[in-house]
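Below, each value reflects all heavy atoms present in this structure, side chains not excepted, and no hydrogens, waters or symmetry copies. If you're wondering where the values come from, they're calculated on a predicted model, not measured in any experiment.
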Amino acid sequence: MGSSEERVVAVIMVGGPTKGTRFRPLSLNIPKPLFPLAGQPMVHHPISACKKIPNLAQIYLIGFYEEREFAIYVSSISNELRIPVRYLKEDKPHGSAGGLYNFRDLLMEDSPSHIFLLNCDVCCSFPLPEMLEAHRRYGGMGTILVSKVSAETASEFGELVADPETNELLHYTEKPETFVSDRINCGVYVFTPDIFNAIQGVSTQRKDRANLRRVSSFEALQPVNRSLPTDFVRLDQDILTPLAGKKQLYTYETMDFWEQIKTPGMSLKCSGLYLAQYSSTSPHLLASGDGSKTATISGDVYIHPSAKVHPTAKIGPNVSISANARIGAGARLISCIILDDVEIKENAVVIHAIVGWKSSIGRWSRVQGVGDYNTKLGITILGNVFVILIFLSVTARESVAVEDEVVVINSIVLPNKTLNVSVQEEILL
């Protein structure tokens, strides 16, 4: 273990409104990192995991969103965890490593011995203290969290090869065209401050190449000759790949769950993974009930304290019900996310679906997806948009209403719609 004098900072990359377009329509309403999974904002899960790091001094969120979009949440979570959380807005894209380097002076204010770097759209158990302990044993510049996946899906991620005895990173390639390894990069790292020297080295090499290069104006326009900006540094291609095999980087393999949250379907799957994790980490967040005085609860379920659930409703498994939702008598909910102010009326059924803010589902209606988290229409989404009325200085939400005895199967319904007929496998704009 490290000295009690050593301090650690954590950085969580949250992206921005121009990123994560595959997460729409859910990200049309609020920043993707604030979309609730298992009753908590997506970014809350890695932040809570960081709280367990020994000698943690501060947590930074880096992204392209406007600061006002995170101001309330950052203040709230700082008070809740009693750890300073600060949002830093990038002025322009710098790449995953360049963004870290851009704020190096701020990150080094606490003179940390180690810096954690996490991606917000990663869902896992975040074994950060174990990673730090392993990293100190290895003695290198950085340690990468890795996971084993199927050979068929490995090419969607950064594949790597590590020494089975020492765990040294020997080879790294980002989304290769041919199979390299079934071990992938999980997007969670711990570095020493030497990472800044490595990033600066990439920028310096680019400047030197730019000064030496002498090409005609025609050649300069060709894609092969176009170079990245000197301050745009990618962590995977520019740092991990060239440093592999040089006794600088090591791996720590997680045997627990790991997923990437790129699509609405994956958000529903990951909400279920976090709910399952609550049974060991936060059992007080899970609802219980036997159908007598409270609803019948099956499996892992989160219900916000302000939600109203009828005692004859049956909820679960994998259900998250947000603030001020109203669940009527005889309703049946399975594998779904119910957002704020939703009303689900008597005997309605919701399965494999995300029901957007202020939407309503009528009596005896059915909203259902097939449960394939990887396909576009694998779950049903009743979405809505966050409309800002600047002159009135207020916000309004446009909801989706499903009338009585209507069936909605494998569909995506965008804002301001009233469905009075059944639909199947449609996208209603």
Side-chain donor/acceptor of [X] to backbone N/O of [Y], under 3.5 Å:
X	Y	answer
Asp110	Pro112	no
Arg86	Gln58	no
Asn119	Asp121	no
Thr153	Ser150	yes
Ser306	Asn324	yes
Thr263	Met266	yes
Ser271	Ala38	yes
Tyr65	Pro33	no
Asn347	Trp364	no
Ser96	Arg234	no

If you look at every heavy atom in [X] and [Y], which pair is closest and at what distance?
X	Y	answer
Thr192	His135	CG2-NE2, 3.6 Å
Ser288	Thr294	O-OG1, 3.9 Å
Pro36	Ile30	CD-CD1, 4.3 Å
Phe196	Leu100	CE2-O, 3.7 Å
Asn318	Leu268	ND2-O, 3.6 Å
Ala331	Lys345	CB-O, 4.2 Å

For a quick check under 3.5 Å, do [X] and [Y] share a side-chain donor-acceptor pair by atom type?
X	Y	value
Ser78	Ser75	no
Thr254	Asp256	no
Tyr172	Glu174	yes
Ser322	His304	no

### Query
Does NZ belonging to Lys314 count more than 12 external heavy atoms closer than 6.0 Å?
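No - once you tally the heavy atoms of other residues, nucleotides and ligands closer than 6.0 Å, there are 12 at most.
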Heavy-atom side-chain proximity of [X] to [Y] below 4.5 angstrom:
X	Y	answer
Pro129	Leu132	no
Met108	Pro193	yes
Arg7	Leu56	no
Ile115	Val8	no
Thr418	Glu403	yes
Phe157	Ser147	no
Tyr278	Pro283	no
His44	Glu80	yes

### Residue from Ile321, Ile338, Val350, Ile334 passing side chain to side chain contact (heavy atoms under 4.5 Å, CB included) with Ile315
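Result: among Ile321, Ile338, Val350, Ile334, Ile321 is the only option passing the side chain to side chain contact (heavy atoms under 4.5 Å, CB included) with Ile315.
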### Derivation of the ring pair (Phe, Tyr, Trp, His ring centres under 6.0 Å) call for His45 and Tyr274
CA-CA 8 Å; His45 299 284; Tyr274 282 135; 3.7 Å; yes
Quick one: pull up [atom1] in [X] and [atom2] in [Y] and give me the separation to the nearest 0.5 Å.
X	Y	atom1	atom2	answer
Leu249	Leu160	CG	CG	10.5 Å
Asn410	His352	CG	NE2	10.0 Å
Leu37	Ile337	CG	CD1	6.0 Å
Ile381	Leu414	CD1	CG	9.0 Å
Lys175	Ser155	NZ	OG	9.5 Å
Met141	Ile195	CE	CD1	4.0 Å

### Passing candidate, ring pair (Phe, Tyr, Trp, His ring centres under 6.0 Å) with Tyr87, options Phe64, Phe103, Phe70
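Among Phe64, Phe103, Phe70, the one that satisfies the ring pair (Phe, Tyr, Trp, His ring centres under 6.0 Å) with Tyr87 is Phe70.
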### Query
Is the gap between the ring centers of Tyr189 and Phe191 under 6.0 Å?
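Centroid separation for Tyr189 and Phe191: below 6.0 Å.
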### Message
Check for me whether the distance between the ring centres of Phe126 and Trp258 falls short of 6.0 Å.
### Response
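Here the rings of Trp258 and Phe126 have centres that are no less than 6.0 Å from each other.
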Under 4.0 Å between a Lys/Arg side-chain N and an Asp/Glu carboxylate O for [X] and [Y]?
X	Y	value
Glu159	Arg183	no
Lys89	Glu67	no
Asp340	Lys358	no

### Task
Show your reasoning for whether side chain to side chain contact (heavy atoms under 4.5 Å, CB included) applies to Val408 and Arg366.
CA-CA 6 Å; Val408 183; Arg366 188 179 191 92; over 6 Å; no
### Message
Walk me through whether Val74 and Leu61 qualify under side chain to side chain contact (heavy atoms under 4.5 Å, CB included).
### Response
CA-CA 9 Å; Val74 164; Leu61 311 181; 4.1 Å; yes
### Message
Go through it in stages, so that I can follow the logic: the residues are Val146 and Asn185, the test is side chain to side chain contact (heavy atoms under 4.5 Å, CB included), and I'd like the CA-CA distance, side-chain angles, deciding distance and then a yes or no.
### Response
CA-CA 5 Å; Val146 307; Asn185 178 1; 5.8 Å; no
### Message
For Phe257 and Leu273: C-alpha separation, side-chain torsions, deciding distance, then whether side chain to side chain contact (heavy atoms under 4.5 Å, CB included) applies.
### Response
CA-CA 8 Å; Phe257 66 91; Leu273 291 171; 3.9 Å; yes
